[in-house]
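It should be emphasised that the depicted structure is a prediction, and the values quoted were computed from it without experimental measurement.
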Amino acid sequence: MDEVLEMLDKITKRLQTRLEETKAAANKHAAVYAQMLQSPTATQEQKAKIFAIRNIELERIDRLTSHLSLLYTLQIFAFKVKVMEVTVSNMDEQLTKSGVMQKNSELEDVKKNIDALKILVEAQYEAMKQIHEDQNKTLNYIH
């Protein structure tokens, strides 16, 4: 789990850097694009290209932001899994130290023995019931 957290951290940092660089580049281009769009000498074709390029940059920033958000969510999830793993491990260790696990095992053995005894008692009851029925049939012939 530590490896996963480290990998997610590296990827997140790399993506965060790329996002910041992309935003900086887009901000630099924004001023140029604004001048070009307001320029009376720019053709409609040039304005359309600038508009398309600006939208592509904004979509790239949006995509990077979405990826970064997903990575942050994965980091949180991985961290919670790590905490749960450590907690369960600690609980298991404490239960083992306290002897509860051994007692639980002993209780399971007792439950198995009780189940076996219940089966024997039920079988004995059925046998006694059968004997009683057989005796009643025999006694009916004697009368």
Side-chain angles (χ1 to χ4, degrees), residues 1-140:
M1 188 52 69
D2 290 333
E3 293 174 16
V4 171
L5 285 168
E6 286 177 30
M7 180 191 65
L8 286 172
D9 188 48
K10 286 178 184 177
I11 293 171
T12 302
K13 286 178 182 176
R14 188 174 52 223
L15 192 60
Q16 180 67 39
T17 303
R18 188 183 310 158
L19 177 62
E20 290 170 6
E21 290 170 353
T22 304
K23 281 183 179 180
N27 286 336
K28 286 180 185 177
H29 297 146
V32 174
Y33 295 156
Q35 288 175 354
M36 294 283 288
L37 289 172
Q38 293 176 357
S39 171
T41 60
T43 65
Q44 288 293 31
E45 184 180 316
Q46 290 172 328
K47 289 180 181 180
K49 284 182 183 179
I50 290 171
F51 184 75
I53 291 170
R54 190 179 80 194
N55 281 342
I56 290 171
E57 284 181 342
L58 292 175
E59 286 179 16
R60 184 177 298 135
I61 290 170
D62 187 45
R63 217 178 7 206
L64 288 171
T65 303
S66 294
H67 285 82
L68 195 58
S69 176
L70 177 62
L71 281 170
Y72 286 144
T73 302
L74 287 172
Q75 279 182 311
I76 291 169
F77 181 72
F79 181 73
K80 287 183 177 185
V81 169
K82 174 71 176 175
V83 168
M84 287 175 54
E85 180 182 52
V86 169
T87 301
V88 168
S89 177
N90 288 342
M91 288 172 56
D92 187 44
E93 184 179 314
Q94 292 298 319
L95 287 173
T96 302
K97 283 181 183 177
S98 69
V100 170
M101 297 298 276
Q102 182 180 356
K103 289 179 182 172
N104 187 36
S105 169
E106 291 171 5
L107 284 175
E108 289 299 320
D109 290 342
V110 170
K111 285 181 183 177
K112 288 178 186 175
N113 290 336
I114 289 172
D115 289 340
L117 287 173
K118 284 172 37 180
I119 292 170
L120 288 174
V121 168
E122 288 172 3
Q124 184 178 8
Y125 170 75
E126 290 297 323
M128 289 178 68
K129 190 168 121 181
Q130 186 66 38
I131 290 170
H132 181 60
E133 288 176 6
D134 289 345
Q135 283 178 346
N136 283 340
K137 287 180 186 176
T138 307
L139 290 175
N140 285 338

Distance, nearest 0.5 Å, that separates NZ of K23 from CZ of R60: 14.5 Å
Atom pair CD1/CD of I11 and Q75 - distance to nearest 0.5 Å: 9.5 Å
Side chains of L120 and Q124 in contact at under 4.5 Å (non-hydrogen atoms): no
Pair D115 + K111: basic N to acidic O under 4.0 Å: no
Stepwise salt bridge (charged side-chain N to carboxylate O under 4.0 Å, His left out) test for E122 and K118: CA-CA 6 Å; E122 288 172 3; K118 284 172 37 180; over 6 Å; no
Stepwise side-chain contact (heavy atoms from CB on, under 4.5 Å) check, R54 with L37: CA-CA 11 Å; R54 190 179 80 194; L37 289 172; 3.9 Å; yes
Distance-only donor-acceptor check, side chains E126 and Q130, under 3.5 Å: no
Greater than 12 external heavy atoms within 6.0 Å of K82's NZ: yes
Euclidean distance, D62 CG relative to H67 NE2, rounded to 0.5 Å: 10.5 Å
Atom pair CG/CG of L8 and L15 - distance to nearest 0.5 Å: 11.5 Å
Note, L68 side chain near Y72 side chain (heavy atom, < 4.5 Å): yes
Close side-chain approach of T22 and E57, heavy atoms under 4.5 Å: no
SB check E59 R63 (cutoff 4.0 Å): no
Heavy-atom donor-acceptor pair, T65 side chain to I61 backbone, under 3.5 Å: yes
Main-chain N/O of Q35 paired with S39 side-chain donor or acceptor, under 3.5 Å: no
Heavy-atom side-chain proximity of M7 to K10 below 4.5 angstrom: no
Distance in Å, L71 CG paired with L64 CG, rounded so as to fall on 0.5 Å steps: 10.5 Å
H29 side, atom NE2; M36 side, atom CE - distance, nearest 0.5 Å: 12.0 Å
Residue E108 excluded, over 12 heavy atoms near CD under 6.0 Å: yes
